[in-house]
2 protein chains.
Amino acid sequence: MNKIMVIEDDIYLREELINTFAKKGYSVSSISSFDAPEKEILNNNPDLAVLDINLPGKSGFELCKWLKARASFPILILTARDTLSDELYALGLGADDFLTKPCHPDRLIARAERLLQTYGKVRNLIQVGDLVLDIDTYKVIWKNAHVVLSDTEGRILKVLLERYPELASKQELLIELWGSEEYVDENILQVNMTRLRKSLDSIGLRDMVQTVRGQGYRLEVSKP
Amino acid sequence: MNKIMVIEDDIYLREELINTFAKKGYSVSSISSFDAPEKEILNNNPDLAVLDINLPGKSGFELCKWLKARASFPILILTARDTLSDELYALGLGADDFLTKPCHPDRLIARAERLLQTYGKVRNLIQVGDLVLDIDTYKVIWKNAHVVLSDTEGRILKVLLERYPELASKQELLIELWGSEEYVDENILQVNMTRLRKSLDSIGLRDMVQTVRGQGYRLEVSKP
DNA sequence: CAATACCTTACATCAACTGTAAGTGTTTAT
DNA sequence: ATAAACACTTACAGTTGATGTAAGGTATTG
């Protein structure tokens with residue numbers, strides 16, 4: 001069954017939420033510490049996150065934005081802040097739904113299940129800005145165009161997307177793609193960079209892969 | 001820009017909705033007759049449908065269910081019926097969001113844009129029951145498993161899914177896949193059926209492709 | 001039990017992907 | 001200005017996976 005992660009600091013509400021989902025048969029986990037919640041959530045790799053806004057430390061808004069840039073599970077915001085501007089802000093950050101407390105358990109369940117169903121179709125996607133990469137098939141979607149990359153091109157783009165907005169060093173790429181940086185001709189990386197750039201060009205993504213002389217490569221993605 | 005279709009019988013509200021979306025730069029269309037709205041909507045092929053519930057003739061609920069079985073664009077329900085049971089019913093039918101009138105235009109826009117963004121990633125998918133096929137890459141997703149089919153296998157499955165729940169005749173398949181049914185050895189279809197079945201087996205989809213002796217093949221898909 | 005329809009496996013051909021090699025272009029430092 | 005270092009591009013050949021053909025096996029029907 002699907003894994004749901006509850007990120008809520010009020011202990012009573014948290015237990016109630018866990019109960020609500022557990023009764024429906026979901027495997028539920030929650031945050032044990034709000035010192036570094038990001039890592040804990042990513043490591044848990046849930047199918048859905050239910051997120052409060054008013055948290056100790058990093059706010060739910062920040063967390064939402066941070067997670068959306070890295071992970072591909074849906075985020076449902078559940079908060080007592082019921083103003084329209086909060087809702088608009090959350091949706092703008094990429095939140096997938098926005099419910100206000102108090103919320104009827106049936107509504108919460110129904111909304112959560114809708115998200116799980118929708119995202120069941122889009123598993124294994126990495127999204128950065130307008131760009132989407134399917135890591136099973138290396139299909140790249142951008143605006144209304146798409147192209148299917150070869151295996152090597154796709155693996156390179158995957159590394160670049162995972163490092164974004166940082167650069168990926170030549171060493172990292174050589175190790176990730178060819179197992180070692182020793183005894184591997186750096187030319188193989190250059191050749192495949194050319195190939196990747198050509199493929200991305202074909203759907204209008206010119207100059208997306210930028211060279212950082214002496215260090216590596218970096219993506220330049222226009223924000224949505 | 002994205003196409004939005006407004007399905008609302010109250011003429012004043014309809015114009016207001018059209019205006020709201022048009023001002024944001026969307027291409028908006030609406031229903032001209034409620035005699036046979038299904039065909040008109042499908043022909044229009046929008047990126048998003050905004051749907052009222054209380055309509056003359058077929059109700060919005062029925063329409064939602066009918067569309068979800070055939071089309072792949074998101075449906076946002078906008079209605080004056082504000083009970084929880086209405087919302088649960090709509091979400092259960094596959095509606096992607098449920099807003100109640102009166103609704104602030106900014107909220108409507110934000111929710112609509114979120115749906116457009118999410119569904120931008122899932123373009124070119126055929127879904128029947130729990131099964132999803134990406135027609136660009138022929139990736140099949142089922143429950144938590146997936147497999148990428150070869151070109152020929154994928155094209156066969158695509159035809160089978162398009163004909164579902166009817167059968168696809170051998171002639172149809174031969175013509176669609178190899179251009180003609182004359183001078184094409186029927187064995188090539190059998191060979192590739194074996195290959196397709198083997199691939200589907202590998203993710204647990206045993207006996208999904210059924211033979212109808214003397215006629216063709218049919219899918220047996222367990223409903224979600 | 002024979003005829004028909006369907007299934008399976010092996011094999012050769014073909015196309016796409018990949019790494020190597022060699023040569024060209026660009027940037028940096030002296 | 002010029003050489004050295006770094007990066008890019010193109011061509012080529014080996015390898016791999018997909019595809020259609022062929023041949024033989026299995027299942028269903030009357």
Side-chain angles (χ1 to χ4, degrees), chain A residues 136-140 147-160 167-202 206-220, chain B residues 136-140 147-160 167-202 206-220:
Chain A
D136 296 322
T137 60
Y138 299 128
K139 175 169 86 161
V140 179
V147 64
V148 181
L149 303 177
S150 76
D151 204 62
T152 310
E153 295 169 36
R155 288 167 67 205
I156 293 177
L157 182 57
K158 175 165 177 269
V159 175
L160 292 175
L167 67 78
S169 73
K170 290 185 288 186
Q171 292 104 296
E172 279 179 304
L173 285 161
L174 287 171
I175 290 169
E176 183 75 29
L177 272 279
W178 291 276
S180 158
E181 57 164 321
E182 317 257 341
Y183 315 116
V184 179
D185 190 344
E186 206 177 286
N187 177 247
I188 188 60
L189 184 55
Q190 296 166 4
V191 169
N192 282 293
M193 277 298 173
T194 299
R195 288 172 178 156
L196 173 59
R197 282 173 168 147
K198 199 171 172 186
S199 296
L200 295 175
D201 262 22
S202 71
R206 199 164 300 272
D207 300 328
M208 202 186 82
V209 180
Q210 302 203 328
T211 306
V212 182
R213 192 181 171 84
Q215 300 189 63
Y217 298 86
R218 179 209 314 276
L219 288 187
E220 178 91 25
Chain B
D136 297 323
T137 59
Y138 299 127
K139 175 169 83 159
V140 179
V147 65
V148 181
L149 303 178
S150 76
D151 204 62
T152 310
E153 295 169 38
R155 288 167 66 208
I156 293 176
L157 182 57
K158 176 165 176 270
V159 174
L160 293 175
L167 65 79
S169 73
K170 290 185 289 186
Q171 291 104 299
E172 280 180 305
L173 285 161
L174 287 171
I175 291 170
E176 184 76 27
L177 272 280
W178 291 276
S180 158
E181 57 164 319
E182 319 255 343
Y183 316 116
V184 179
D185 189 344
E186 206 177 287
N187 176 246
I188 187 60
L189 183 55
Q190 295 166 3
V191 169
N192 283 291
M193 277 298 171
T194 299
R195 288 172 178 156
L196 173 58
R197 281 173 169 148
K198 198 170 171 187
S199 296
L200 295 176
D201 262 22
S202 72
R206 199 164 298 271
D207 300 328
M208 203 185 82
V209 180
Q210 301 204 327
T211 306
V212 181
R213 193 181 171 84
Q215 300 190 59
Y217 298 87
R218 179 211 312 278
L219 288 187
E220 179 90 25

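All chains are named by letter (A, B, ...) in the order of the sequence lines, taking the proteins before the strands, and each is independently numbered beginning at 1.
- Between B:T211 and C:dA5 there is no side-chain N or O to OP1 or OP2 distance below 4.0 Å.
- Contact annotation: B:Y138 does not reach the phosphate of D:dA18 (side-chain N/O to OP1 or OP2, under 4.0 Å).
- Nearest-nucleotide assignment on DNA chain C puts the 5′-proximal partner with A:N187, out of A:R213 and A:N187.
- One interatomic measurement links the two molecules: CG of B:D201 to C1' of C:dC7, which rounds to 14 Å at whole-angstrom precision.
- With sequence neighbours left out, A:E172 forms a side-chain contact (heavy atoms from CB on, under 4.5 Å) with A:R163, A:A168, A:S169.
- Nucleotide C:dG19 holds its P atom 13 Å from the CE atom of A:M193, rounded to whole Å.
- For the pair B:T211/B:R197, a side-chain contact is recorded, criterion being any heavy-atom separation below 4.5 Å from C-beta on.
- Between D:dT9 and A:K198, no contact under 4.0 Å exists linking OP1 or OP2 to a side-chain N or O.
- In this structure, A:L189 places its CG atom 13 Å from P of C:dT20, rounding to the nearest Å.
- Rounded to a whole Å, the CG atom of A:D151 is 14 Å from the P atom of D:dT16.
- The side chain of A:W178 places no N or O atom within less than 4.0 Å of a non-bridging phosphate oxygen (OP1 or OP2) of C:dT18.
- Atoms CD1 (B:I188) and P (C:dT8) sit 15 Å apart, rounded to a whole Å.
- Using a 4.0 Å heavy-atom criterion, one finds that A:S150 contacts the sugar-phosphate atoms exclusively.
- The shortest distance between side-chain heavy atoms of A:M208 and A:L157 falls below 4.5 Å.
- Checking the phosphate oxygens (OP1, OP2) of D:dA18, no side-chain nitrogen or oxygen of B:T152 falls inside 4.0 Å.
- B:N192 has its CG atom 12 Å from the C1' atom of D:dT21, to the nearest Å.
- Phosphate proximity of D:dC8 to A:R195: absent, as no side-chain N or O sits under 4.0 Å from OP1 or OP2.
- At least one side-chain heavy atom of A:M193 sits under 4.5 Å from a side-chain heavy atom of A:L173.
- Proximity of A:Y138 to A:T152: side-chain heavy atoms (C-beta onward) are nowhere separated by under 4.5 Å.
- Whole-Å rounding puts the A:Q215 CD to D:dA7 P distance at 10 Å.
- Rounded to whole Å, atom P of D:dA5 lies 15 Å from atom CD of A:Q190.
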